[in-house]
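Here the structure is laid out as C-alpha cells; the discussion comes afterwards.
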Amino acid sequence: MASQSFVIRSPCSSANIGPGFDVIGLALSMFLELHVTVDPPASSTENYPLNCKITYEGEGEDEISLDPEVNLITRVALYVLRCHDQRAFPKNTHVHVKNPIPLGRGLGSSGTAVVAGVMLGKEVGGLHHLTMERLFDFILMIERHPDNVGASLFGGFVGTYLKPLTPEDTARVEIPLSEVLPAPQGGVDTGDRPPEPPVGIGHHIKFPWAGEIKAVAIIPEFEVPTAKARQVLPAEYPRNDVVKFFFSFFFFWHDTVDHCEFNLVSGECTA
Ligand SMILES: Nc1ncnc2c1ncn2[C@@H]1O[C@H](COP(=O)(O)OP(=O)(O)O)[C@@H](O)[C@H]1O
Ligand SMILES: N[C@@H](CCOP(=O)(O)O)C(=O)O
C-alpha cells in the first residue's frame with residue numbers, strides 16, 4: 001500500500017430540536033477533525049497497538065484515551081474494519097485528533113466521534129464500496145438514536161427514523177454494545193468477526209433550512225452525560241401534552257423549514 005494522508009471532518013450537531021425528539025438533528029459548523037497518515041514503509045521501528053498511534057488536541061485532551069482499543073473513534077473504525085476481515089489498522093497509521101467540541105454538553109460529541117470513526121474505518125480499510133447509507137447502518141449499531149448521527153453524517157437539517165426490522169434482524173441488532181465494538185482485551189485478539197449490521201436500519205430526509213435562522217449554542221460549564229439526562233424524562237406523557245406536542249410540531253415545521261413540500265408517500269422534501 002502506498003503512503004497516504006487525508007483529513008476527515010465531522011460536524012457536531014444539535015438534536016431533540018423542539019418537538020423532534022430523537023428524530024430531528026441539525027449539523028452545526030464546528031468540526032471534529034482527524035488528520036490521518038498511513039505510512040507503511042518498514043523503516044519505522046515503532047510498534048503501536050493495532051498499528052495505530054493516536055495524538056489528540058482540544059476538548060477532552062486530559063480525559064480521552066489514546067489507546068486505539070479504548071478510544072471511541074478508533075474502536076468504531078475497528079468495528080468497520082473487522083466486519084471486513086481486517087483485524088487491525090494498516091501498518092504505521094497515525095490519527096491526530098483536533099476536537100473543538102465540548103464533551104457531554106449537548107453538541108452531540110459522541111455522535112460526531114462515531115461518524116468520524118466509521119469514515120476512518122472506510123478510508124484506511126480501502127472500503128470504497130461502503131455508501132453513506134451503509135455507513136449509517138454501521139453507525140446505528142453503535143448509536144441507536146439516529147438524530148445526532150444523521151445530522152453529522154449527512155450534514156444540514158435532517159429528519160431520521162429507524163425502519164421497522166424483520167424479527168430476525170431485530171434479534172441481530174439487539175446485541176450488547178461490547179459485542180459490536182471490540183472491547184479492550186489487553187492486546188489479545190480473539191479473531192471473532194463482529195455482527196454485521198442488517199441493511200437499511202435507518203432512513204433520513206434532508207429538509208431545507210430557512211436561511212434567516214442562525215444557531216446560537218449556550219454551553220454550560222458542567223458535563224451531563226446524555227444517558228443520565230434522559231433518566232429524568234417520564235416514561236409516559238398525558239394526552240394534553242401529546243396534543244401540544246403535535247401542535248408545536250406543526251408550527252415548528254411551518255416556521256423552520258423553508259418552503260418545503262413534503263411528500264408523505266415518497267418521503268421526499270422539495271423546496
Ligand atoms: N472526540 C472524541 N474522542 C473520543 N471519545 C469521544 C469524543 N467525543 C466524545 N467522546 C465520548 O463521548 C462521551 C460524551 O457523550 P455524551 O454523554 O453522549 O455527550 P454528547 O452530548 O457530547 O454527545 C465522552 O465522555 C467520550 O467518552
Ligand atoms: N436524541 C439524542 C439527543 C442527544 O443529544 P446530545 O447532544 O446530548 O448527545 C439522544 O438522546 O441520544
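As a basis for the values below, the full set of heavy atoms in this structure was taken, side chains included, without hydrogen atoms, waters or symmetry mates. We count ligands from 1, going down the list as the structure has it; atoms in each ligand are counted the same way.
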Candidate with minimal heavy-atom separation from atom 11 (C) of ligand 1, of Leu72, Leu107, Asn148: Leu72

Atoms in ligand 1 flagged as close to Leu103, the criterion being non-hydrogen separation under 4.0 Å: 8 (N), 9 (C), 22 (O)

Contact check, side chains of Leu153 and Met119, non-hydrogen atoms, under 4.5 Å: yes

Carboxylate-amine/guanidinium proximity below 4.0 Å for Arg230 and Asp22: yes

Proximity to ligand 1 by part of Glu59, non-hydrogen separation under 4.0 Å: neither

Close-contact set for ligand 1 against Arg105 heavy atoms, below 4.0 Å: 22 (O)

Side chains of Met141 and Glu196 in contact at under 4.5 Å (non-hydrogen atoms): no

Heteroatom distance test (Ser13, ligand 2): nitrogen or oxygen, under 3.5 angstrom: no

For Asn148, the ligand 2 atoms whose distance to one of its heavy atoms is below 4.0 Å: 2 (C), 3 (C), 4 (C), 5 (O), 7 (O), 9 (O)

Asn51 side chain to Phe89 backbone, donor-acceptor under 3.5 Å: yes

Exam field: side chain Lys122 to backbone Leu130, donor-acceptor pair closer than 3.5 Å: yes

Atom 3 (N) of ligand 1: nearest protein contact (heavy atom, Å): Ile73 CD1, 3.6 Å

Interfacing atoms of ligand 2 (cut-off 4.0 Å, heavy-atom, Thr226): 4 (C), 6 (P), 8 (O), 9 (O), 10 (C), 11 (O), 12 (O)

Atoms in ligand 2 with a heavy atom of Asp22 nearer than 4.0 Å: 1 (N), 2 (C), 10 (C), 11 (O)

Within-shell test, Gly108 vs ligand 1, heavy atom, strictly < 4.0 Å: yes

Ligand 1 versus Thr226: contacting region, heavy-atom distance under 4.0 Å: both

Geometric N/O contact Gly108 with ligand 2, under 3.5 angstrom: yes

Identity and separation of the nearest protein heavy atom to atom 12 (O) of ligand 1: Ser110 CB, 3.3 Å

Shortest protein contact, atom 5 (N) of ligand 1 (heavy atom only): Ile64 CD1, 3.5 Å

For Gly106, atoms of ligand 2 separated by under 4.0 Å from a heavy atom: 7 (O), 8 (O)

Asn16, any N or O under 3.5 Å of ligand 2 N or O: yes

Proximity of Leu107 to ligand 2 by residue part, where a heavy atom lies under 4.0 Å: backbone

Numbered atoms and elements of ligand 1 in range of Pro225, under 4.0 angstrom, heavy atoms: 17 (O)

Pair Val23-Asp147, side chain to side chain contact (heavy atoms under 4.5 Å, CB included): steps then yes or no: CA-CA 5 Å; Val23 174; Asp147 44 357; 5.7 Å; no

Atom 14 (C) of ligand 1: nearest protein contact (heavy atom, Å): Ser109 OG, 3.7 Å

Side-chain donor or acceptor of Asp192 paired with backbone N/O of Pro194 under 3.5 Å: no

Residue and atom name of the nearest protein heavy atom (relative to atom 1 (N) of ligand 1), distance in Å to one decimal: Tyr56 OH, 3.3 Å

Protein heavy-atom partner closest to atom 7 (C) of ligand 1 - residue, atom, separation in Å: Ala113 CB, 3.8 Å

